[in-house]
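One structure is given below, encoded as structure tokens.
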Amino acid sequence: MRNASRDGQFRDRMTQTYIEDIARHVGETIVIKGWLYNIRSSGKLIFPQIRDGSGILQCVVFKKAVPEEVWDACQTLTQESSVIVTGAVRADDRAPGGFEMDVTNLEVVSIAEPYPITPKEHGPEFLLDHRHLWIRSKLQHAILRVRHEVIRAVRDYFDSNGFILADTPIFTPAACEGTTSLFEVNYFDDEKAYLTQSGQLYNEATAAALGRAYAFGPTFRAEKSKTRRHLTEFWMVEPEVAYATLDDIMDLAEDFLCFVAARVLANRRPELETLGRDLSKLEAIQKPFPRISYDEAARMLVDGGQAFEYGGDFGAPDETFISSKFDRPVMVHRYPAAVKAFYMKPDPMDPTKALGVDVLAPEGYGEVIGGGERASDLQFLRDQIARHELPEEAFDWYLDLRKYGSVPHAGFGMGIERCVAWMCGIEHIREAIPFPRTIYRTKP
RNA sequence: UCCUGAGUAGCUCAAUGGCAGAGCAUUCGGCUGUUAACCGAAGGGUUGUAGGUUCGAGUCCUACCUCAGGAGCCA
């Protein structure tokens with residue numbers, strides 16, 4: 001089996017050069033395979049800009065330097081036509097990116113029909129209808145590359161800190177946290193199945209098997225949410241650690257987010273600059289993150305004149321108000337148990353509070369991480385399941401975890417798209433995933 | 001589900017209740033360094049749908065449809 005990444009062996013056998021490697025080929029004649037991004041002409045001179053997925057390269061076609069059929073072919077090129085160009089690479093300050101190619105040959109692979117996405121402005125509806133083409137655009141291309149970096153950093157972080165990847169099922173027999181927002185699947189004969197809304201309960205099982213485990217996969221929420229922070233289908237990474245407490249998991253979340261931000265800054269700076277991201281906002285993601293209790297946060301809201309009722313969960317404007325008081329993510333812990341999930345461990349110092357934590361990102365990006373310490377007492381969980389009117393038979397396996405060597409344990413979940421949107425500084429989460437699924441949109 | 005806003009050329013948008021317009025895209029022509037290139041010309045319309053008011057409706061009224069933003073809920 002060929003390995004595309006190891007030592008670049010796969011790449012070296014290809015008869016093409018990728019634009020991201022162009023600086024290493026100055027003075028050489030190379031082949032670029034891609035698509036026409038834009039074209040400008042000036043009589044006897046044509047400037048086709050070629051994109052190949054790794055970057056954009058400006059080419060120069062001079063009428064007297066190419067065969068007549070190449071010149072004629074250039075006249076027929078339309079936006080997004082696919083082409084293979086051959087020529088010598090040269091550094092030139094006049095070219096975007098600093099390098100350009102003097103074309104000696106151009107082969108047309110396919111002439112594109114009139115391309116719907118022009119180099120001018122478009123509205124969100126039109127762009128989302130053409131998402132399959134929109135991702136070719138410069139900004140979307142940059143966002144997807146940042147997303148890749150975030151995911152790679154997530155995996156590298158856990159893989160290099162003793163965690164074992166143990167993915168949890170997508171089809172699940174029951175709700176983790178209530179049934180209101182579940183997608184029902186009509187396939188299994190015996191019982192109803194639902195698309196997962198969290199790997200949480202299964203992670204507790206894998207953590208008991210592996211010590212430190214994490215799951216990373218798609219998650220589905222049938223919430224009627226219609227905001228820039230919500231997707232119907234999103235990706236979530238969920239670490240779970242046996243013998244960890246709330247404080248341990250807050251340390252982990254803090255270290256983890258700093259690692260991800262540092263990696264994006266280190267490896268995707270050109271993309272961040274393309275996106276116009278204020279890099280100082282990302283450089284500020286440094287330990288220690290402020291840690292405040294729910295009670296302290298509630299006092300901030302009341303003192304700040306916000307319309308907030310003590311005892312309830314924070315709304316989006318509340319989160320934005322709290323996070324606006326800090327220049328880095330803030331961790332809010334010990335929420336009222338009544339507003340949190342049934343499996344949260346009560347605070348021994350104040351049983352009306354749960355040992356949960358939300359990490360609120362700055363700049364209004366909201367809750368990127370939610371987690372906490374899980375209840376380890378069997379009878380408490382039985383009571384909670386009854387109190388929440390959940391079917392106990394659906395949780396028998398989960399309760400087994402408390403019968404056979406129950407230990408303190410904690411974990412959290414991070415929404416990948418919220419993190420990517422935050423890193424990129426983009427307005428809407430739907431641009432942080434290749435093909436967003438929202439309440440009223442399942443195409444393309 | 002609720003609140004708010006928007007639907008006019010392929011796209012982005014103009015048009016006091018009085019002739020349906022512009023830029024970009026497309027097609028044709030011009031230009032030897034373009035940077036969302038520029039210059040000239042041409043084609044392109046059931047103004048979201050259905051009613052209503054009016055001498056006359058893109059514009060005012062009613063209902064519906066679609067989309068966007070927000071709330072609740074959440075990552």
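Naming: A, B, ... by sequence-line order, numbering from 1 per chain.
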[atom1] atom, [N] versus [M]: distance in rounded Å?
N     : M     : atom1 : value
B/C2  : B/C13 : P     : 28 Å
B/A15 : B/A22 : P     : 15 Å
B/G17 : B/U59 : C1'   : 7 Å
B/C39 : B/G7  : C1'   : 35 Å
B/A9  : B/A25 : C1'   : 11 Å
B/U8  : B/U46 : P     : 12 Å

Please classify the nucleic acid contact of [X] as base, sugar-phosphate, or nothing, using heavy-atom distances under 4.0 Å.
X        : result
A/Asp358 : nothing
A/Glu417 : nothing
A/Ile46  : nothing
A/Thr219 : nothing

On a plain distance test, is the side chain of [X] in donor-acceptor contact with the base of [N] below 3.5 Å?
X        : N     : answer
A/Lys226 : B/G69 : yes
A/Arg441 : B/C67 : no
A/Ser225 : B/C73 : yes
A/Ser42  : B/C38 : no

Basic-acidic side-chain contact under 4.0 Å: A/Glu254, A/Arg291: yes
Determine, for A/Asp327 against A/Lys281, whether the closest basic-nitrogen to carboxylate-oxygen distance falls under 4.0 angstrom. no
Going by the rule side chain to side chain contact (heavy atoms under 4.5 Å, CB included), which residues pair with A/Val109 if we only count those two or more places apart in sequence or in a different chain?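 If we apply the side chain to side chain contact (heavy atoms under 4.5 Å, CB included) test to A/Val109, skipping adjacent residues, the hits are A/Ser82, A/Ile84.
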Residues which pass side chain to side chain contact (heavy atoms under 4.5 Å, CB included) with A/Pro116, listed by chain and number, not counting sequence neighbours: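 Expected list: A/Phe126, A/His130, A/Leu133.
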Please list, chain by chain and in numerical order, all residues satisfying ring-ring contact (aromatic ring centres under 6.0 Å, His included) with [X], sequence neighbours excluded.
X        : value
A/His428 : none
A/Phe289 : none
A/Trp71  : none

Can you work out whether A/Tyr115 or A/Ile39 has the more 5'-proximal nearest nucleotide on RNA chain B? A/Tyr115
Looking at RNA chain B, which of [range] put a heavy atom within less than 4.0 Å of it?
range                       : value
residues 284-303 of chain A : none
residues 81-105 of chain A  : A/Arg90, A/Asp92, A/Arg94, A/Pro96, A/Glu100
residues 423-434 of chain A : A/His428, A/Ile429, A/Arg430

Give RNA chain B the dot-bracket treatment, 5' to 3': Watson-Crick (N1-N3 with N6-O4 or O6-N4) or G-U (N1-O2, O6-N3) under 3.5 Å, [ ] crossing, | other strand. (((((((..((((....[..)))).(((((.......))))).....(((((..]....))))))))))))....
For this output row, return yes or no: ring centroids of A/Tyr398 and A/Tyr202 closer than 6.0 angstrom. no
Who pairs with A/Arg334 by side chain to side chain donor-acceptor pair (under 3.5 Å), at least two apart in sequence or on another chain? A/Asp347
Scan nucleotides 10-12 of chain B against the protein and return all N/O pairs shorter than 3.5 Å with their distances rounded to 0.1 Å.
{"from": "B/C11", "atom 1": "O2'", "to": "A/Glu121", "atom 2": "O", "distance (Å)": "3.2"}
{"from": "B/C11", "atom 1": "O2'", "to": "A/His122", "atom 2": "ND1", "distance (Å)": "2.4"}
{"from": "B/U12", "atom 1": "OP1", "to": "A/Gly123", "atom 2": "N", "distance (Å)": "3.0"}
{"from": "B/U12", "atom 1": "O4'", "to": "A/Glu121", "atom 2": "O", "distance (Å)": "3.3"}

With sequence neighbours left out, what residues match A/Glu100 under salt bridge (Lys or Arg N to Asp or Glu O under 4.0 Å)? A/Arg90
Using a 5.5 Å cut-off between ring centres and planes within 30 degrees, is A/Phe47 stacked on the base of B/G33?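 No.
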Take the protein atom CD of A/Gln75 and the nucleotide atom P of B/C31, then report the distance between them rounded to whole Å. 11 Å
